[in-house]
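Some notes on the structure that comes next.
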There are 8 protein chains.
Amino acid sequence: MNENAIKRLLSAVRSGRLSTEEAVARLRRLPFESLGFAHVDHHRAIRCGFPEVIFCPGKTAGQVRAIFSRLAAGGGNVLATRAAREVYEAVCRDHPRAEYHELARAITLRQGRAARPRGHIAVVSAGTSDLPVAEEARVTAEIMGQRVTTHYDVGVAGLHRLLAHGEAIQHARAIVVVAGMEGALASVVGGLVAVPVVAVPTSVGYGASFGGLAALLAMLNSCASNVSVVNIDNGFAGGYIAALINRQGLGMRD
Amino acid sequence: MNENAIKRLLSAVRSGRLSTEEAVARLRRLPFESLGFAHVDHHRAIRCGFPEVIFCPGKTAGQVRAIFSRLAAGGGNVLATRAAREVYEAVCRDHPRAEYHELARAITLRQGRAARPRGHIAVVSAGTSDLPVAEEARVTAEIMGQRVTTHYDVGVAGLHRLLAHGEAIQHARAIVVVAGMEGALASVVGGLVAVPVVAVPTSVGYGASFGGLAALLAMLNSCASNVSVVNIDNGFAGGYIAALINRQGLGMRD
Amino acid sequence: MNENAIKRLLSAVRSGRLSTEEAVARLRRLPFESLGFAHVDHHRAIRCGFPEVIFCPGKTAGQVRAIFSRLAAGGGNVLATRAAREVYEAVCRDHPRAEYHELARAITLRQGRAARPRGHIAVVSAGTSDLPVAEEARVTAEIMGQRVTTHYDVGVAGLHRLLAHGEAIQHARAIVVVAGMEGALASVVGGLVAVPVVAVPTSVGYGASFGGLAALLAMLNSCASNVSVVNIDNGFAGGYIAALINRQGLGMRD
Amino acid sequence: MNENAIKRLLSAVRSGRLSTEEAVARLRRLPFESLGFAHVDHHRAIRCGFPEVIFCPGKTAGQVRAIFSRLAAGGGNVLATRAAREVYEAVCRDHPRAEYHELARAITLRQGRAARPRGHIAVVSAGTSDLPVAEEARVTAEIMGQRVTTHYDVGVAGLHRLLAHGEAIQHARAIVVVAGMEGALASVVGGLVAVPVVAVPTSVGYGASFGGLAALLAMLNSCASNVSVVNIDNGFAGGYIAALINRQGLGMRD
Amino acid sequence: MNENAIKRLLSAVRSGRLSTEEAVARLRRLPFESLGFAHVDHHRAIRCGFPEVIFCPGKTAGQVRAIFSRLAAGGGNVLATRAAREVYEAVCRDHPRAEYHELARAITLRQGRAARPRGHIAVVSAGTSDLPVAEEARVTAEIMGQRVTTHYDVGVAGLHRLLAHGEAIQHARAIVVVAGMEGALASVVGGLVAVPVVAVPTSVGYGASFGGLAALLAMLNSCASNVSVVNIDNGFAGGYIAALINRQGLGMRD
Amino acid sequence: MNENAIKRLLSAVRSGRLSTEEAVARLRRLPFESLGFAHVDHHRAIRCGFPEVIFCPGKTAGQVRAIFSRLAAGGGNVLATRAAREVYEAVCRDHPRAEYHELARAITLRQGRAARPRGHIAVVSAGTSDLPVAEEARVTAEIMGQRVTTHYDVGVAGLHRLLAHGEAIQHARAIVVVAGMEGALASVVGGLVAVPVVAVPTSVGYGASFGGLAALLAMLNSCASNVSVVNIDNGFAGGYIAALINRQGLGMRD
Amino acid sequence: MNENAIKRLLSAVRSGRLSTEEAVARLRRLPFESLGFAHVDHHRAIRCGFPEVIFCPGKTAGQVRAIFSRLAAGGGNVLATRAAREVYEAVCRDHPRAEYHELARAITLRQGRAARPRGHIAVVSAGTSDLPVAEEARVTAEIMGQRVTTHYDVGVAGLHRLLAHGEAIQHARAIVVVAGMEGALASVVGGLVAVPVVAVPTSVGYGASFGGLAALLAMLNSCASNVSVVNIDNGFAGGYIAALINRQGLGMRD
Amino acid sequence: MNENAIKRLLSAVRSGRLSTEEAVARLRRLPFESLGFAHVDHHRAIRCGFPEVIFCPGKTAGQVRAIFSRLAAGGGNVLATRAAREVYEAVCRDHPRAEYHELARAITLRQGRAARPRGHIAVVSAGTSDLPVAEEARVTAEIMGQRVTTHYDVGVAGLHRLLAHGEAIQHARAIVVVAGMEGALASVVGGLVAVPVVAVPTSVGYGASFGGLAALLAMLNSCASNVSVVNIDNGFAGGYIAALINRQGLGMRD
């Protein structure tokens with residue numbers, strides 16, 4: 001389309017219908033449009049199993065419903081995060097096959113045939129209160145075509161619980177660690193594996209957790225070199241980045 | 001130049017030496033280069049009396065000297081901030097007309113004929129320890145072609161000193177207020193005038209000033225609506241923005 | 001008026017009706033009143049298209065209604081910010097021509113004939129959640145007699161959206177950038193233009209945005225020299241200062 | 001009373017009814033009781049026009065009513081702060097002469113004949129939103145027997161308003177300055193007078209006021225040497241300390 | 001003087017040598033000068049035994065020497081704070097009677113006959129590391145004509161040490177409490193006495209004292225109502241305000 | 001059980017039913033299970049009068065009821081913290097002998113015969129608003145088999161109240177100090193006794209207490225060497241650790 | 001002694017040599033002295049193998065030497081912390097048997113016959129940079145008569161190192177955990193044992209460790225209930241409190 | 001080895017030389033050793049082109065030299081970070097083929113034949129002051145066998161510089177973004193690409209950058225979903241994680 005526009009412009013130059021000067025003037029504004037090329041590439045990559053994402057807070061149920069339908073029309077998977085049940089019910093009227101993930105507060109619509117995932121990613125979380133964030137990570141990665149194993153309630157104060165999951169975790173190709181309070185789980189898991197760990201601090205905790213600041217700082221200071229960190233409670237980013245990491249392996253074959 | 005490159009490309013298309021497809025491929029990369037157009041505009045505006053700026057910390061005297069010469073070759077004014085005297089001495093070997101502003105720790109080189117400034121800007125500071133920052137603002141604005149009046153040591157604890165400068169301050173077309181400690185001067189000056197005030201918090205103060213945080217927060221919370229704020233100790237930004245504001249008046253005539 | 005009072009006092013001295021001593025005593029109290037001169041000037045400037053402003057929070061609908069009427073009686077434009085719809089309805093009984101700006105939560109009353117604006121200012125915002133703050137900036141600038149172009153939802157993660165607005169933004173004479181989260185938009189816009197940018201951080205974001213602190217610090221540390229910053233969510237100050245900046249150009253002609 | 005207890009003990013020793021050993025044992029516990037002497041002194045001083053104070057939050061209306069009555073039985077003035085109207089109504093059933101101060105959210109009961117106050121203290125506040133805190137300071141000081149002049153809505157952005165109150169403020173023997181936002185008023189008032197200024201930061205402000213932190217830091221960094229600071233929104237402490245300061249003058253006559 | 005200037009102006013008006021219009025014009029500038037009246041009052045008050053103060057950091061020995069001499073010429077006491085020994089030696093050449101207070105890092109010059117102090121103030125400090133700040137408070141108060149008792153090394157971890165000083169402390173008319181670490185001393189002393197306590201947090205402590213922040217916050221949150229706070233390590237302000245408080249008693253007699 | 005599993009494995013090796021290689025493979029996974037041994041030890045220690053603990057927030061009444069019953073089936077004491085009354089009512093249907101501690105918001109079930117406690121621990125608190133946290137500490141320690149003495153409302157501003165409790169406090173074998181505002185009580189109590197003090201900062205306070213930060217920092221900076229600190233409002237941890245400390249004495253006899 | 005003073009006073013009352021009134025007056029001052037009783041108890045407890053402690057920073061070598069000798073004269077053990085080698089050399093002239101602990105920067109003098117320690121405490125640290133703090137804890141506990149096992153360089157990123165020390169750690173009667181960076185070690189160790197853990201955050205780390213704040217917050221938010229925390233880098237407090245905890249066991253036999 | 005030990009133990013059981021009970025007892029301690037299995041796997045993975053890393057600060061040149069030699073003996077690549085030139089010179093005596101990377105302050109020793117890298121990673125940095133951190137990332141990734149393209153000095157204030165590098169950046173399989181000040185570069189790059197971005201905030205900036213806090217918060221709040229963050233100035237972690245991500249692709253083929 002954009003490409004066509006440029007071709008038409010060039011044809012007009014060639015045929016003499018457009019002066020060189022005028023063409024230069026029009027092309028001046030091109031940067032912004034032609035940057036769209038890159039973006040189209042980007043979008044194409046994303047459509048290969050990667051969903052468009054709607055962040056619901058601050059949008060009405062009607063608005064989400066409308067955006068959801070527009071995205072679904074593209075034929076790819078659709079993900080809406082931080083969605084209340086009412087929002088899901090609105091979306092359902094158009095898309096009865098859409099699913100609601102209660103804990104994760106997410107809506108997904110799976111369309112087309114998923115590529116068979118290679119490898120898997122693991123979502124590991126510390127306490128039961130961290131579940132909503134961990135589930136948001138899981139749902140995000142799955143709708144992006146990933147196979148996900150979950151390892152919940154394996155906080156470091158009862159190390160044996162974590163170690164019992166050790167082998168499964170060690171075979172994952174990327175790991176999301178979700179933890180509040182002191183956030184120590186990221187370092188412990190980071191030390192057990194040889195793949196990238198994406199740490200998601202949660203606002204779980206009271207008093208001096210200062211809304212997740214304690215876990216955030218702990219994770220940033222992890223003595224394990226393979227730990228990087230995303231925003232507090234941002235399970236979506238955790239699942240999204242882990243999926244991108246595993247996808248790198250797939251991409252290599254092309 | 002960039003424009004010429006595009007013209008050449010278009011000519012090649014018109015003459016058939018270049019296929020439309022190949023031209024599209026080349027133009028894809030254009031956005032980045034053609035954005036240069038905007039930048040050229042930007043630069044042109046800047047050349048109208050506005051200097052190039054070298055931020056010296058982390059650069060050797062030799063590096064500053066080299067950059068300085070390259071900029072000076074352009075024929076415009078040159079400004080180097082946070083420069084030690086040794087750096088000035090290095091620069092001087094090439095540019096004996098360069099001046100060193102001891103307190104402001106700045107080097108300036110004035111070239112060509114300055115446009116006659118219209119209106120003036122005022123630099124107001126609270127205490128003697130704020131002088132280096134205030135002077136950096138003054139030197140910056142002057143090398144940008146502004147007329148600057150200075151009103152130093154007029155802190156709010158001795159309000160009469162400030163009020164004695166009141167009329168002069170009220171006639172300025174933009175005001176830089178430099179203050180550490182409680183930073184109250186920005187609000188008081190802001191309330192006295194009807195023009196934009198650019199507030200520069202300084203790290204002057206001890207104990208609970210926390211390196212200028214107290215003044216910074218105070219200025220951001222100013223009850224005067226015409227106060228905006230730049231980084232702690234950033235006298236350069238203060239002078240630069242005030243000059244831009246006054247320049248708006250000049251620009252109107254075009 | 002004040003001037004008249006002084007003239008009467010001086011006449012009384014001249015005619016011998018008032019002793020020199022008594023006159024001195026009365027004049028002692030003058031500073032405060034005569035400072036009023038400056039203030040009258042200030043007010044006069046403001047009446048030239050600049051509204052009085054009512055900050056509504058903490059005031060009852062009745063109180064706002066009363067103040068609004070008193071200000072409207074002066075014949076100038078009136079602006080009330082952070083106003084609930086109920087407040088608007090109260091004001092409407094007296095001023096049926098007052099307008100309510102839903103998103104901006106502002107009430108305006110336009111009176112008299114506006115001066116034809118020269119130039120325009122641009123309000124640029126990052127995400128849809130930043131709209132209320134951006135709209136407050138727009139409404140403020142417009143009631144101050146400015147022409148405003150808006151460029152919403154042009155966050156840096158999709159740079160092409162911003163660049164598509166590039167030319168329009170580059171022609172503005174002052175720019176208000178409204179952004180939450182990482183606040184990067186201020187730097188990017190600042191680098192594209194040669195005029196002052198007033199950055200308004202918003203409290204939009206979650207987790208480690210700490211109520212807008214992240215955006216605030218980012219904007220204060222902008223690597224673009226033409227960016228100054230106002231308080232978090234303070235769209236009013238953004239619009240107000242941008243209007244003052246553009247007005248500098250108008251003032252030059254006098 | 002305590003003194004009597006000691007006298008009785010000593011008499012018992014003298015008369016041989018109590019052994020020296022037993023007396024030593026009892027006296028061991030005395031420190032705590034005899035520290036009461038100081039406390040009695042303290043209380044005595046307080047009874048000279050200084051009220052007992054009930055901090056209401058976290059107490060039921062019934063509890064406040066009971067404590068109020070017990071204190072009132074002592075014959076002195078009584079003050080209850082942060083009291084909801086319901087609490088006042090409960091108290092009123094026992095003490096119909098008790099007064100409710102709406103803005104200050106305080107209940108006072110004036111009993112006995114107040115000493116004629118000498119000198120006065122001034123309560124100065126910046127904006128209308130600071131009124132509840134300023135009124136708490138005023139009510140506290142008055143029930144402690146002080147004469148109080150109030151100077152409200154004299155924020156620094158309109159300096160002439162403050163200066164118009166200058167003379168009255170300069171005659172006060174202690175000054176309470178109540179201000180939120182940038183808290184600059186404390187420094188400006190501090191610079192105008194030669195008496196102690198007790199600064200009360202308020203949580204008024206938005207965004208980067210961080211719940212009063214901006215004003216608090218500004219006041220602690222005041223460039224005026226006569227400013228000391230109490231907790232955010234603590235109008236009670238402001239009024240209390242100002243009253244203590246003025247009382248020092250009265251005490252001198254004894 | 002200023003008064004004379006006004007009288008001359010009025011005489012000129014009366015005699016017809018000056019037109020009313022011209023007089024109005026001149027009087028417009030008066031506010032700032034006539035505010036000097038208040039300032040003169042202020043200065044007069046200060047001369048009654050209160051020194052001029054030189055804050056030395058950032059000034060050369062030569063500059064301090066020059067300012068010191070100018071102030072000394074006024075005949076009053078002189079105080080220079082945060083002065084290195086070299087500075088003292090420079091001052092000494094002109095004023096051999098000047099004293100250097102090693103621990104307090106202060107220079108004083110006592111001139112004229114001091115008024116006999118009434119009452120006394122107490123300086124109480126927690127640990128030996130707090131001594132420089134405590135001594136600065138003492139020296140400041142003494143040069144302001146106060147009698148000072150000192151109670152050092154009476155931290156709350158050994159309460160008996162503090163209580164052994166109890167009586168002496170209780171008789172003071174104002175108390176300066178200097179403490180680092182947890183700053184608990186301010187509350188404990190505040191609870192023992194019925195006079196104003198000026199608390200000076202110090203930067204003494206390590207780790208989580210965060211340069212005095214811990215003590216500062218503790219003092220601001222004191223459960224004793226008579227405690228107000230100044231900046232970290234600001235012994236000068238502590239002594240200054242305590243002296244002002246005690247002076248209130250003296251002032252009453254006038 | 002785990003032990004039995006290992007014995008069975010070893011028997012199978014001995015009998016030749018399992019190859020050495022296979023046994024090694026199975027034992028590889030053992031670490032995680034055999035770490036359970038330590039945990040069993042741990043559990044055994046805990047069963048000696050130490051309860052299992054349910055942290056209720058984020059769990060439904062039904063969930064707590066189910067967990068509670070499962071734990072109660074073990075025969076030991078059970079503790080549920082931060083429990084609303086509705087939760088208690090749910091639990092009561094299964095366990096009519098369970099008790100609800102209103103202020104502490106805790107549910108306890110006492111089963112079996114408690115060991116006779118040796119020594120006692122003291123819970124000391126500053127103000128009435130600290131009671132819920134102090135009571136949580138008391139209830140926790142008691143269900144862990146401790147004898148607890150409570151000393152409430154003994155804040156440092158009225159030192160005599162604390163000292164009146166001095167002897168009782170000095171005989172405790174571990175002390176929990178609960179305080180908000182400036183948290184000074186921990187240091188004062190720490191200085192009076194020779195046993196470990198566990199300090200619990202509370203979020204009680206307003207303004208600059210910043211949700212308990214002031215008390216937290218003060219306690220961490222205590223000048224008394226025997227004070228350690230737990231999270232803000234974490235009365236449970238305070239009581240738990242104090243109980244562990246006193247249990248050390250009991251353990252010595254084994 | 002104090003007791004004798006009281007007996008003498010009472011005898012004087014009994015014999016009529018002292019009036020009741022005069023005795024009351026003298027007893028008024030007693031609280032402070034008689035509180036000394038408690039303190040004597042306190043001191044007695046401490047002499048049972050617990051050293052006096054000198055905190056060296058801010059003291060000259062000569063001052064430390066003098067204090068050291070005075071304390072040594074009492075016959076007990078002596079500990080000086082944060083001592084430079086020069087200080088040790090000064091002390092050595094008087095006490096050639098004093099030892100210097102290079103890493104811990106501590107001086108100890110062991111006098112008399114140590115009681116045979118019962119049980120032991122463990123000092124566990126994360127990285128080699130934490131050693132000085134860990135050693136300070138060890139030296140402190142040993143001079144207090146404890147047997148100490150050390151487990152260094154067992155950070156959580158290599159969990160197997162920690163687990164290899166598991167049994168030894170599990171037999172300790174109190175544990176000091178020293179860790180910087182993310183401080184996760186405290187939670188992991190806390191979960192492995194059933195005794196109190198005293199966590200010492202260190203300032204080791206860079207960037208967002210903010211001088212130990214990250215580790216401090218992590219430890220305060222530990223999900224293990226048996227962890228309490230002391231100040232950053234305060235190895236002394238860690239060792240001191242662990243020793244007090246273990247001593248509780250010894251005390252039980254008395 | 002460990003495996004052999006278990007085999008020997010099992011053989012001893014099978015042969016009857018060891019009782020089942022004793023074997024159980026020995027196996028109890030196994031977890032810690034057998035966890036070593038996992039670690040061996042971990043190490044094996046690392047040997048595949050990944051270096052051992054020495055963090056130099058706090059180690060003497062001699063210590064680094066010794067550790068370096070021990071690691072080099074293993075035959076793999078070796079990396080030492082934050083190394084002064086003196087350290088390099090010490091290492092060089094043993095390993096003349098070791099290289100020193102001046103800007104990155106790193107020492108590397110390349111041994112054996114590197115696997116041919118597949119794909120490449122990009123290191124993008126904002127300003128010249130960020131170079132040392134960016135170079136540390138590059139050197140780390142290269143010694144781990146990666147091909148690295150660098151894109152320095154492409155800060156967002158001059159967007160065209162970044163866009164000129166756009167295509168090269170878009171082809172990388174993982175990207176490290178290094179930026180101080182407002183850290184906006186991470187979001188802008190994140191929005192241009194479809195692969196994971198590891199953001200490294202630097203402490204470059206002044207005033208309100210608060211040692212890199214501003215950039216850190218900005219990056220954590222990035223509106224681009226593919227951005228995760230490591231500690232301030234931690235170029236090593238940036239390069240390490242990017243290498244791990246790209247390695248995922250290689251691993252897929254096994």
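Quick caveat: nothing in here was measured; it's all calculated off a predicted structure. A, B, ... follow the sequence lines: proteins, then strands. Residue 1 opens every chain.
- If you take CG on D:N231 and CG on E:N221, they are separated by 4.5 Å, rounding to the nearest 0.5 Å.
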Return a table of donor-acceptor pairs under 3.5 angstrom between the side chains of residues 174-190 of chain D and protein atoms on other chains or two or more places apart.
from   : atom 1 : to     : atom 2 : distance (Å)
D:E182 : OE2    : B:S187 : OG     : 2.3
D:E182 : OE2    : B:C223 : N      : 3.0
D:S187 : OG     : B:E182 : OE2    : 2.2
D:S187 : OG     : D:S222 : OG     : 2.9

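- Of the inter-residue distances, the one linking E:I245 atom CD1 with D:I245 atom CD1 reads 4.0 Å to the nearest 0.5 angstrom.
- Chosen from D:V227, D:N234, D:L220, the residue pairing most often with chain E at heavy-atom distances under 4.5 Å is D:L220.
- When each of E:V198, E:I232, E:V195 is scored by its heavy-atom pairs under 4.5 Å with chain D, the top score falls to E:V195.
- Rounded to the nearest 0.5 Å, atoms CG (D:L244) and OG (E:S228) are 10.0 Å apart.
- Put simply, CG on D:L217 and CG on E:L216 are 8.0 Å apart, with the number rounded to the nearest 0.5 Å.
- Every salt bridge (charged side-chain N to carboxylate O under 4.0 Å, His left out) that D:R82 has, sequence neighbours left out, goes to D:E136.
- The two residues D:S225 and E:F236 have their closest heavy-atom pair at OG-CE2, 3.3 Å.
- For a residue to count as touching a neighbouring chain, one of its non-hydrogen atoms must lie under 4.5 Å from one of that chain's; by this rule E:V197 does not touch chain D.
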